[in-house]
Amino acid sequence: MLQIYNSLTNRKEPFQPIMPGKVRMYVCGMTVYDYCHLGHARAMVVFDMVVRYLRAQGYEVTYVRNITDIDDKIIRRAAELGVSVQELTERFIRAMHEDAAALGVLPPDHEPRATESIDGMIAMIQKLIDEGYAYVADNGDVYYAVSRFPEYGKLSGKRIEDLRAGARIEPGEAKRDPLDFARWKAAKPGEPSWPSPWGEGRPGWHIECSVMSTACLGNHFDIHGGGVDLKFPHHENEIAQSEAATGEKFVNVWMHNGHVRVDDEKMSKSLGNFFTVREILAKYRAEQVRYFLLASHYRGPLNYTAEALENAGSALERLYLALRGLDSQQPADLQAEPLYYERFTAAMDDDFNTPAALAVLHHLAREINRRRQTDPLAAARLGAILRELGGMLGLLQDDPERFLRAGGSGTGLSDDEIEALLERRRQARADRNFAEADRIRDELKAQGVIIEDGPQGTTWRRT
RNA sequence: GGCUAGGUGGCAGAAUGGUCAUGCAGCGGCCUGCAAAGCCGUGUAAGCCGGUUCGAUUCCGGCCCUAGCCUCCA
C-alpha cells in the first residue's frame with residue numbers, strides 16, 4: 001500500500017485516489033525568465049519519478065505542470081534584455097523543455113500557461129469578490145481578504161497573528177490588512193495588461209495555479225506538488241483562493257520536495273549560488289545527474305558537490321556494467337524473482353524512498369554478476385528485471401554498450417581508432433608480446449578509454 | 001524571535017528498539033600474462049546529557065548545532 005507524506009497533515013498517509021484507479025496531479029512549474037537551475041531540475045525529476053511509479057502501479061495519471069509566463073520578474077528581465085515578454089518567455093520555455101528532455105523527464109499531460117488562462121483568473125477573482133473574499137481597493141488593485149478565510153495557515157502551520165506581526169505593506173499598495181495579497185494589479189505604463197471588470201491590469205501571483213489546476217483537474221483533485229519554498233505563501237494562498245471560490249476541498253495530498261544546497265545553503269537565484277542545468281550537463285552525463293537527484297530522499301535537502309555527482313556516475317556505471325553483455329531479449333518477469341520486486345515496491349511505497357529502491361537495483365546487479373558465468377539465462381532474466389525497475393525511476397533505459405562507450409568526458413579517439421588499436425593489441429597478445437599489449441592499453445587509458453579482457457574478447461568504455 | 005525539518009561510519013545516504021542497508025573510497029583474498037571489471041571477506045557510525053527498557057542510533061526530555069519558511073524563489 002502506497003504511503004505518501006502529506007504536508008497538510010505532516011505525516012505519511014495511505015494513498016487513496018478520489019476516483020479508483022485514477023490520479024489527478026498538479027505540480028507548480030517554472031516562472032520562465034531564465035534557464036533552469038538544478039533546483040528546478042530536482043522538482044521536475046522528483047515528480048516525474050512519482051508519475052512514472054504511479055503509472056507502473058497501474059494508476060491512470062493525469063499530470064499537469066504549469067508554466068508561469070507573466071509576472072514582475074519576467075517583465076523586468078524582458079526590459080533589461082530589450083526584448084518583448086513573449087520573446088523572453090518563448091526562449092526560456094524552449095530551453096526548459098530541452099533540459100527536461102535531457103534529464104529523462106516525460107512531458108506532462110497538460111502544460112497550461114498563465115497568459116492563456118487570464119479569462120479563468122478574472123472569473124475566479126470575480127467569484128471571490130462576489131463571495132466577499134476579495135475587494136477592490138482605491139488604487140484599482142484587487143486584494144484577497146485573508147481574514148475572511150479562517151483556515152488560512154493550515155498548510156504551512158502558521159498562525160494569522162504571527163504572520164501579521166511581521167507583515168508589512170509596500171509603498172503603493174492599498175491593502176486593508178497587511179496579510180492581504182494582490183489578485184489583480186492595475187496596469188502600469190509599458191507593462192503587459194489585459195482588460196478586466198476592474199480596469200486594465202494583470203493577475204497577481206498564485207491565482208494562475210488555482211485556476212489552471214482546477215480547470216484541468218476539477219475543483220478537488222488528488223496530489224499537488226512543488227518545492228518546499230512554495231509552501232508559503234504560494235500554496236497557502238492557492239488553498240485560500242480555490243476553497244473560497246469553489247466551496248470544495250482543493251487538494252487531498254500536498255507533496256513538497258526539499259531544496260538543493262550549495263555549501264549547506266539553499267541554491268537560489270537571489271543568493272546567486274545556482275548552477276544551471278546546462279552548465280551541469282556540460283560536465284556530467286544527464287542520466288548521472290538524474291541518478292544523483294534520486295539518490296537521496298525527495299523531501300530531504302540535497303547538497304550539490306562534484307564528489308556527489310561523480311559518486312552517482314560510478315554507481316550508475318556499475319549498474320550498466322552489470323547489464324552489459326546480457327541477452328537483452330529476455331522479458332522482464334517481475335514475479336519470477338519476487339524478492340527484488342517486492343523490496344523495490346516496499347521502498348517506493350514508503351513515500352517514494354528512491355535511495356532504498358536504488359539499493360535494490362544494486363542487489364540485482366550483484367546477483368547478475370554472480371551468475372553471469374554459470375547461468376547466463378538467469379543473469380539475463382535478472383537483467384531484464386533490473387532494467388524494468390530502473391525504468392520506473394527513469395533510469396537504465398539506454399543500451400548498456402552504447403552508454404558505456406559514450407562515456408562522460410569526450411575522448412579524442414573515434415570508435416574506429418579505438419578498434420584499430422585493440423586489433424593491434426589482440427595481435428600482440430596472440431604473439432605473447434605483453435610489453436606491446438600493455439603499451440597500447442596505457443595509450444588508450446591516457447585517451448580516456450578503459451579496456452577489459454574477458455572470455456568473450458576485449459570490451460572497452462570511455463571514462 | 002515564531003514555525004518546520006534534521007544532526008548516522010572517510011564521503012554520500014537509507015532502514016531499524018536487540019541481526020546485512022546501498023554506493024563511492026580503503027584493506028585482504030580469488031580471478032587475470034599483468035590490468036580492468038567482477039566475486040568473496042573486512043574495518044570504520046550514530047552531536048551532547050539525562051530518562052524509559054533486559055537491551056536504544058532507533059522511544060521520551062533537555063541542551064548544542066545546521067538548514068528551511070516567516071519577503072521573490074523548485
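In what follows, chains are A, B, ... by sequence order, proteins preceding strands, each numbered from 1.
- Contacts of residues 422-438 of chain A with RNA chain B (heavy atom under 4.0 Å): A/Arg425, A/Arg429, A/Phe434, A/Asp438.
- Using a cutoff of 4.0 Å between basic side-chain nitrogens and carboxylate oxygens, A/Asp48 and A/Arg52 are scored as salt-bridged.
- Considering only side-chain atoms of A/Thr31, the nucleotide from B/A74, B/A36, B/C72 that sits closest is B/A74.
- When the nucleotides B/C70, B/A35, B/C39 are ranked by their closest atom to the side chain of A/Arg370, B/C39 comes out on top.
- A/Tyr320 has its OH atom 17 Å from the C1' atom of B/G23, to the nearest Å.
- Scanning residues 2-10 of chain A for heavy-atom distances under 4.0 Å to RNA chain B yields an empty list.
- With A/His206 as the fixed residue, the ring-ring contact (aromatic ring centres under 6.0 Å, His included) test singles out one of A/Tyr144, A/Trp184, A/Phe181, A/Phe232: A/Phe181.
- Closest to the A/Arg318 side chain, of the nucleotides B/A21, B/C72, B/C24, is B/C24.
- Side-chain atoms of A/Arg441 and base atoms of B/A35 include a donor and an acceptor less than 3.5 Å apart.
- Side-chain N or O atoms of A/Gln288 include one that pairs as donor or acceptor with a backbone N or O of A/Leu309 at under 3.5 Å.
- Look at A/Asp264 and A/Arg261 and you find a salt bridge, because one of the NZ, NE, NH1 or NH2 atoms lies within 4.0 Å of a carboxylate O, short of that distance.
- Listed nucleotides B/A74, B/A36, B/G38 differ in distance to A/Leu321; the shortest reach to its side chain belongs to B/G38.
- Taking the P atoms as reference points, B/G9 lies 38 Å from B/C72, given to the whole Å.
- With hydrogens and angles ignored, no donor-acceptor pair under 3.5 angstrom links the side chain of A/Arg366 to the base of B/C39.
- With sequence neighbours excluded, the residues satisfying side chain to side chain donor-acceptor pair (under 3.5 Å) with A/Asp351 are A/His297, A/Tyr298, A/Arg299.
- Taking the side chain of A/Pro233 as heavy atoms from C-beta on, and the options B/C11, B/C70, B/G23, the nearest nucleotide is B/C70.
- A/Asp431 CG: more than 12 foreign heavy atoms inside a 6.0 Å radius.
- Straight-line distance from the CG atom of A/Asp99 to the C1' atom of B/A74: 14 Å, rounded to whole Å.
- Figure legend: cation-pi geometry between A/Lys266 and A/Phe274 absent, as NZ or CZ is not positioned both under 6.0 Å from the six-membered ring centre and within 45° of its axis.
- Between the side chain of A/Asp71 and the base of B/C72, no donor-acceptor pair of N or O atoms lies under 3.5 Å.
- Computed from coordinates, the A/Tyr298 OH to B/G68 P distance equals 20 Å when rounded to whole Å.
- Taking 4.0 Å as the cut-off between side-chain N and carboxylate O, A/Asp71 and A/Arg202 do not count as a salt-bridged pair.
- Comment: A/Lys12 engages A/Asp350 in a salt bridge, judged by a side-chain N to carboxylate O separation of less than 4.0 angstrom.
- When the P atom is compared between B/U22 and B/U53, the two are found 34 Å apart, to the nearest whole Å.
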